[in-house]
Amino acid sequence: MTQRIFLSPPHLSGDELDSLRDALGTRYLAPAGPTLAAFEDDVSTILGLDPEERRVVALNSGTAAIHLALVLAGVGPGDTVLCSDLTFIASIAPAAYLGATPAFGDAHPDTWNMDPARVREAFETSRAAGIPVRAVVLVHLYGRPLPPGHLAEIQALCREHGAVLVEDAAESLGATTGGTPTGILGDFGILSFNGNKIVTCSGGGALVCPDAKTARHALSLATMAKDPAPHYQHSAIGYSYRMPNVLAAIGRSQLPHLQERMAQRKAVRDRYMQQLDGLPVAFMPEPENAAPNWWLTCVTFGDGPGDAQGHALCETVRLALDAENIEARPVWKPMHLQPVFEDAAAFLNPEGCVGADLFARGLCLPSGSTLSENDVDRVAGVVRMALG
């Protein structure tokens, strides 16, 4: 069997072992340690923050970061949390942990990210019903950030209605919108360093806080909320969410290569565009006045929204790729279509749910920065044959 091509495998820099040796040499195997603090400084620098502000808290997952952000926002039973509909369940699951009511805003057809019109509708509907939207979880999907105008509109709506904006930049490290890095555009920012991300610690995430005081509170909650005492004393419920020091060492070896990885993934996307030109294939839109990190290359099949043949073509291609030992994944299934959220409110495009159409016709192609041109050509060749 030919060698498997994965969707988004980790890309080792070659410096991981040296970084791990340095971390192990400090004898800090427990979560805290100098390597972890240095990793937080590195992340701060990439985000354009002053490391001395101490606003970044490294955690064991992006999901933990969203959970802590919602805890710090005071989210609880009786509150509504509005989330992008077209996303992974980790964006909204922490709201359910806290007993809040999930609600979902449909994607905009020009960006695939949450539509500001749906956010406005959600705020107006919830206010009329007397159920406040306490927080909005806004996702930069597949490494494509919201364009500045859409982002500004959602920021303004959150300020107007007193809602906390949680910016889920788990997929968009390195991307910018209007010249500003994603991850620092909300009241809280969320990053992920999971194994499939553009930079990985094998697992992990980070919470970007509005100030050092909030970050200290987040750090306390992430380390079981221990009171300052010589014995173990707790006045609040905390969590075991801290990133281990040795995982931070892996991240430190990868962060310097972020721009290179972004360029490599863009080159993969560009080659797909060349190889698939002329076929009934459309690529995920690139936002205006924003710079993606091109984490995943995503396409739709058919002649456009609502094309009944698009789903059949998409599934034909996916199965053909699988038969050739090539991993491809359907675009996220919208949250309002998930069985666990079947009763949740969903604010959908009145002309037809955008997210549902993208799910029906959309596929994520192998996009890793380790892919060679021959690998991309192999994938594209299968797609061409499948489309006949």
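If you read the sequence from its start, that first residue is 1, and numbering goes on from there. As the structure is a computational prediction, the values presented were derived from the model and not from experiment. Computed over heavy atoms, backbone and side chain alike; hydrogens, waters and symmetry mates excluded.
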All side-chain contact (heavy atoms from CB on, under 4.5 Å) counterparts of His217, not counting sequence neighbours: Leu72, Leu221

Residues at least two apart in sequence or cross-chain that pass salt bridge (Lys or Arg N to Asp or Glu O under 4.0 Å) with Arg361, listed by chain then number, are Asp357

Filter on side-chain hydrogen bond (donor to acceptor under 3.5 Å, both in side chains), then keep only pairs touching residues 172-185, sequence neighbours left out; what's left? Ser172-Thr182

Salt bridge (Lys or Arg N to Asp or Glu O under 4.0 Å) pairs, two or more places apart, involving residues 167-178: none

Please name all residues satisfying side chain to side chain donor-acceptor pair (under 3.5 Å) with Arg252, sequence neighbours left out, ordered by chain then number. Asp42

Can you name the residues that form a ring-ring contact (aromatic ring centres under 6.0 Å, His included) with Tyr241, not counting sequence neighbours? His67, Tyr239

Write out all pairs satisfying ring-ring contact (aromatic ring centres under 6.0 Å, His included) with one or both partners inside residues 74-94, taking only residues at least two apart or from two chains. Phe88-Trp332

Just to verify, what does Phe359 make a ring-ring contact (aromatic ring centres under 6.0 Å, His included) with, not counting sequence neighbours? none

Among pairs that include at least one residue of residues 132-160, which meet salt bridge (Lys or Arg N to Asp or Glu O under 4.0 Å), considering only residues two or more places apart or in two chains? Asp79-Arg134, Arg120-Glu153, Arg144-Glu286

Taking only residues two or more places apart in sequence or in another chain, which ones pass ring-ring contact (aromatic ring centres under 6.0 Å, His included) with His161? Phe123

Mind checking ring-ring contact (aromatic ring centres under 6.0 Å, His included) for His108 and listing every partner two or more places apart, or none if nothing turns up? His150

Not counting sequence neighbours, which residues clear side chain to side chain donor-acceptor pair (under 3.5 Å) with Arg4? List them please. Asn325

